[in-house]
Amino acid sequence: VCDYNAAELHRVVRAPLLPGEVADSRDRDDIEHWVAVYEQLAGFLNEFNAAGEMQERYRRRLRFWRGRRAEVAQPASEYGHWSEAVE
Amino acid sequence: MTAAGSSLAPHFRHEAFLYAGAVDFVDRAAPIILRAVAAEDPVLIAVDSAKIQLMRDRLGSASRSVVWKDIRSVGANPARIIPFWRRFVDRHATHRQLLGFGEPIWRGRAPAELIEAQRHEQLLNLAFADAPNFMLLCPYDTEQLGAGVLREAHRSHPLIAESDGGRQSVDYAGLAAMSAPDLPPLPEPAGEPVEFAVGTGNANVRSLLAHHGFAAGLGAARTDDLTLAIAAVTDGMGRPGVQQAVRVWRESGSLLVDLRDLRAADDPLAGREWPPPVERAARGLWMANQLCDLVQVRRVGEGAVVRLHVTGAHSGEIGAW
């Protein structure tokens, strides 16, 4: 019998991508998706009082996608993002 | 030609687009896309990268008005496809018409993936029943896919488009069947599983998975993802006060994990929503779908079993412990 406690979820994780995650995407919908994914994962870990290294990988990816969101959040026409190939 | 003009009432148009090879696909789909672009309708094309390139070459400058997605990447887990269509539909909700091409089924899909991709096709009818401005064509390559797959396409799509025109599918099973499907039970993987239980003790799930993950070729991070997925599903669907049985099989390059005796999720779209759900069972499945390469859910009596598939490294994985 085992359990998910903070120590369990506090492991150091590195920063590989999740399935389907395309790091060079600049599509706004993709960006919103990955921000939401990493917010959910980091938030779930918070519920276990996980802190420090445990969350670092997901937090790093969350910072990455939030940064990308800021990069592309410049004024554009309604169709501004359509001209960008997604991946 | 499509079948979409066959009904006057506005409704979600979900159409199987049967084609014979990539050239036929481009020849028949390009005029549809060009008409949509000319009408300034939003267009999203989610097919494989080879067909994306062919189509972009054919469309020329019009291709810049189209959003492209490589379905083999974003749709490898079919449960992640409805959310990107949902974002597309929501973003352009006020448009007169939206056009999508989405090819979730291709030759070479693993058997478990194929079943889930077919389930995805069924669920599209439910997910977008409230999107009358959305026209989604699902390409099926008749030169590559078997007769059984094509038969199922007729059952899951109300409309069929072929080279000689479009029509309603006489085999379409209807929305009620989409809600309560007769899914095949999960096959028993080969070999003896490792079994343990998740309860109230202090043992370490990840350490139990680590050895098997390493042997299967998973890196440390993917084993962490799997650990988190187990935690998320157990948190959302586990029975209070009941130890959660976990069974683990090792396959080449992957681990399969069964979580049994779970509470069943009532919503057939659980785990496939956008935005991410707050309800706990759906949230657990939603996170598992992001973390895993494939997630299979089956009702068993009054409960449910969830099977998680996790393969090795994605980009950037180091692979060491």
Side-chain angles (χ1 to χ4, degrees), chain A residues 1-48 50 53-58 60-61 64-65 77-87, chain B residues 40 42-43 49 52 56 63-70 73-77 80 83-84 87-88 91 196-208 219-222 224-225 227-228 230-232 234-235 243 246 274-276 283 286-287 290-293 311 313-318:
Chain A
V1 176
C2 51
D3 193 14
Y4 302 103
N5 53 29
E8 156 84 358
L9 298 176
H10 269 269
R11 267 204 86 264
V12 176
V13 286
R14 286 167 282 277
L17 308 181
L18 289 175
E21 185 179 5
V22 179
D24 59 357
S25 174
R26 301 180 68 83
D27 175 74
R28 292 178 185 179
D29 286 347
D30 277 2
I31 294 167
E32 290 303 326
H33 172 76
W34 290 110
V35 167
V37 167
Y38 286 110
E39 284 178 343
Q40 285 274 323
L41 298 179
F44 181 69
L45 289 169
N46 267 339
E47 294 178 21
F48 288 90
E53 291 180 320
M54 172 60 213
Q55 289 186 312
E56 186 51 32
R57 171 181 164 213
Y58 300 115
R60 189 158 54 233
R61 299 304 302 164
F64 170 84
W65 285 111
S77 70
E78 183 183 6
Y79 289 97
H81 69 291
W82 289 98
S83 62
E84 297 163 358
V86 180
E87 56 249 3
Chain B
E40 299 187 345
V43 181
S49 58
I52 286 175
R56 294 182 78 161
S63 70
R64 299 182 66 237
S65 298
V66 173
V67 171
W68 305 92
K69 287 187 183 292
D70 182 349
S73 173
V74 299
N77 175 356
R80 291 197 293 266
F84 79 64
R87 290 191 296 276
F88 174 68
R91 181 181 291 277
F196 57 91
V198 175
T200 56
N202 291 311
N204 189 319
V205 171
R206 191 191 182 285
S207 67
L208 288 167
R222 292 300 287 150
D224 286 334
D225 291 340
T227 302
L228 191 55
I230 293 171
T234 302
D235 175 73
Q243 293 178 353
V246 179
W274 181 264
R283 187 187 69 161
W286 193 91
M287 285 192 284
Q290 314 310 317
L291 292 159
C292 299
D293 294 276
T311 60
H314 293 266
S315 300
E317 170 64 280
I318 297 170

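Chain letters run A, B, ... following the sequence lines, proteins first, then strands; residues in each count from 1. Basis for what follows: all heavy atoms, side chains included, without hydrogens, waters or symmetry-related copies.
- In summary, Arg91(B) and Asp29(A) engage in a salt bridge, as defined by a charged side-chain N under 4.0 Å from a carboxylate O.
- Pairing each heavy atom of Arg283(B) with each of Phe44(A), the nearest pair is NH2-CD1, 3.5 Å.
- Between the CD atom in Glu32(A) and the CZ atom in Arg87(B) there is a gap of 9.0 Å [rounded to 0.5 Å].
- Using a 4.5 Å heavy-atom threshold, the side chains of Pro19(A) and Asn77(B) count as separate.
- Listed here is the closest heavy atom pair of Met287(B) and Gln40(A): SD-O, 3.8 Å.
- Leu45(A) CG to Leu228(B) CG: the interatomic distance, rounded to the nearest 0.5 Å, is 5.0 Å.
- Under the 4.5 Å side-chain criterion, counting only non-hydrogen atoms from C-beta, Tyr58(A) is in contact with Asp225(B).
- Distance CD/Gln290(B) to CD/Glu21(A): 10.5 Å, rounded to 0.5 Å.
- For Arg80(B), the part lying near chain A is the side chain, with the backbone staying farther off; criterion is any non-hydrogen pair under 4.5 Å.
- The backbone N or O of Ala221(B) lies less than 3.5 Å from a partner atom in the side chain of Arg57(A), making a donor-acceptor pair.
- Your options are Pro275(B), Ala232(B), Gly75(B), and the one with the most heavy-atom pairs under 4.5 Å with chain A is Ala232(B).
- Contact of the Arg222(B) side chain with the Leu18(A) side chain is registered, since non-hydrogen atoms from C-beta on lie closer than 4.5 Å.
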